[in-house]
Structures are given as structure tokens and as C-alpha cells.
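So the structure is just underneath, and the comments pick up after that.
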Amino acid sequence: MTVRPALLARRERYERVTDGWVDNTHEDALTHTVRIADPDRAVEVAIVARTSPTYEIREARCRALAGDLSPAVTAGLPRLAGTAMVAGLTRRVAEVTGPGAGAALVLDATIEAARLARQVAKLPRERAERAREGAWACWQLDTDGWIDLPDSCFTYSDAGRALFASRTVVCQSGPDLYSPRPGQRRVFVRRKVARLERADGTLSLFHSMHDDVHGFEIRYEVDTASGRIVSAQSLTPKLPYLGICSEPQRRIEALVGETLDDGLRKRIQTHLGGASGCAQLYDLTADLLKLVRA
């Protein structure tokens with residue numbers, strides 16, 4: 001199979017930049033703001049939502065920062081109020097926004113807002129102060145703060161938990177991520193850069209994510225004639241739990257030899273996801289594959 005991404009039909013290089021942050025704007029909710037910009041348009045989505053366990057959206061809005069955005073999309077997104085940011089969110093966003101101009105970018109920004117919701121909690125401040133005690137205390141606060149963490153990746157599996165007893169683990173989190181100060185702005189800040197580039201029979205896929213607790217840079221090289229991945233690399237200058245999160249990173253090598261067909265986005269769940277994998281590595285790769293098939 002020959003790989004010809006539609007996003008590269010009129011260009012040799014495509015880049016998308018995503019900026020997201022979390023503000024503590026409400027007593028019982030947080031505001032997750034995401035801006036996505038690519039060569040054609042830029043949008044901003046802001047979601048006010050309750051924290052775990054409901055992840056219920058209280059308010060949702062979007063606007064164009066550059067390029068066109070269908071009025072149906074901006075009018076439809078507020079209808080997400082009452083929706084939980086859990087499984088089924090993608091379908092619900094598509095229902096309320098329709099397929100108009102910019103809808104796909106607004107959908108991706110909303111999904112990114114849901115991911116931000118797994119980064120900041122609202123535990124009692126006295127409990128959050130335990131984060132200063134070190135990695136094991138933070139791990140316990142994580143599982144208290146987010147109901148869906150157990151077995152979501154290697155770090156929150158029984159095998160990951162067991163490593164605390166056998167090695168030194170360094171954590172990046174602090175009390176504010178578990179209990180933001182009243183009115184605190186930019187409690188958590190994230191930037192992601194995704195890039196597709198074609199040259200000399202090779203398609204290069206790059207995705208980076210840098211925020212308060214993560215530092216990821218992944219790269220895949222694909223032979224465009226066969227569609228096969230010939231190289232897969234991951235650099236992690238920052239990890240939430242150094243000494244544990246590093247364990248599943250080598251799983252990226254399992255994608256060498258895979259083909260960029262329609263089924264690969266499902267197969268990477270076996271390679272990169274689940275209780276033996278890394279949720280961030282999975283998401284970064286899945287988002288790249290979505291761009292390739294867009």
C-alpha cells in the first residue's frame with residue numbers, strides 16, 4: 001500500500017500546534033482551555049467541567065482564532081453541557097457540532113480538554129500537601145483524585161506499584177495539581193507539536209508533548225511505497241514517575257514492521273496501551289495516525 005496523507009496533498013510538510021492549560025475558576029469545577037493551530041485555521045475551545053469521578057461538562061464554547069469556523073459548530077458546542085468527558089465523548093461532540101468547517105479541529109480540541117481533566121484534581125488542601133512527602137504519596141493521591149487511573153497504564157498497575165519497594169522513584173507533581181489555590185491560573189500548562197513530513201520516499205511522523213510533568217518526543221519513519229514503519233523512537237526528558245514510567249517506553253519498538261493501514265489505530269492498543277503500556281505514548285501515536293488517515 002502507498003501512503004499518501006491528504007494533509008500533504010498540497011504541501012511537503014504539515015504541522016499542528018496544540019496549547020492547553022487549566023484554570024481554577026470555580027469552587028467545584030475547572031476550566032480547560034485548548035488552542036489548536038495548523039496551516040488552514042486555528043480554534044480555541046474552553047470547557048468548564050467538574051473533576052473526577054463525573055467529569056461533567058458545565059459549560060462549553062469555541063471560537064475561531066484564524067480561518068473559517070462554521071456557525072453551526074460554535075452554536076452547537078454549548079450543547080455539551082451535562083455531558084461527561086468519558087467514553088462516547090467523540091460521538092457526542094460530532095452530534096452537536098455537525099460536519100461543518102473547523103468541526104474536526106474543534107473535536108480534537110475537546111478531546112484534548114478531556115485529557116487535561118486527568119491532570120488537575122480538587123482534593124482537600126490538607127490531603128494535597130502530602131505531595132511534598134515524595135513519589136509514593138503522590139501515587140496514592142493520583143488514585144484518590146482520578147477514578148479511572150487504576151490499570152490505565154503500567155504506572156498504575158500492580159506491577160508498577162510494586163516497583164516503589166525496589167527502586168528510587170522521582171515524581172514531578174506538587175500540591176497545586178491536587179488542590180489548586182483559589183482563582184489560580186494556569187495550574188497546568190501543556191504544549192504539543194505534531195508534524196508530518198515527506199521526503200525521498202519516506203514519511204516522517206513526529207509528535208512532542210511538554211508540560212508540568214511530561215516530556216515526550218516520538219518519531220516514526222515510514223516507507224511510503226509499502227506503508228511499513230521502518231523506525232520508531234521515543235525520547236522522554238521528563239516523566240511523571242521517573243523509575244516507573246520509563247519501563248513501558250521501549251514498547252514503541254514493537255511498531256517497527258507494522259503497516260499504516262486502517263486497523264493500526266486499534267492494534268496499537270496491544271502494543272502501547274493497557275496496564276502494561278503508557279497512556280501518553282498511546283495517545284501521541286494514535287493522534288499521529290489520525291492525522292495520517294485524515
Determine, for K122 against D28, whether the closest basic-nitrogen to carboxylate-oxygen distance falls under 4.0 angstrom.
no
Testing the basics here: between I252 and S234, what is the closest heavy-atom pair and its distance to 0.1 Å?
CD1-CB, 3.9 Å
Across all chains, not counting sequence neighbours, the side chain to side chain donor-acceptor pair (under 3.5 Å) partners of D176 are R125, R181, Q184
Distance (rounded to the nearest 0.5 Å) between R118 CZ and Y55 OH
4.5 Å
Listed pairs under 3.5 Å, donor-acceptor, residues 268-277 side chains, sequence neighbours left out:
residue : atom : partner : partner atom : Å
H271    : NE2  : E258    : OE2          : 2.8

Heavy-atom pair with the smallest gap, counting every atom of F164 and W139:
CE1-CD1, 3.5 Å
Judged by modelled atom types alone, do H210 and E217 share a side-chain donor-acceptor pair under 3.5 Å?
yes
Tell me, please, which residues at least two apart from A109 pass side-chain contact (heavy atoms from CB on, under 4.5 Å).
V34, I36, V45
Quick one: OH on Y156 to OH on Y241, what's the gap to the nearest 0.5 Å?
4.5 Å
Hits for side chain to side chain donor-acceptor pair (under 3.5 Å) against R250, two or more places apart or cross-chain, chain-then-number order -> none
All pairs passing side-chain hydrogen bond (donor to acceptor under 3.5 Å, both in side chains) where residues 72-94 contributes a residue, at least two apart:
R92-E95
Are D108 and K290 close enough for a salt bridge, meaning some N to O gap below 4.0 Å?
yes
Output a table of donor-acceptor pairs, distance under 3.5 Å, between side-chain atoms of residues 165-174 and any protein atom two or more places apart or on a different chain; print 'none' if there are none.
residue : atom : partner : partner atom : Å
S166    : OG   : L163    : O            : 3.4
R167    : NH1  : G243    : O            : 2.6
R167    : NH1  : E247    : OE2          : 2.8

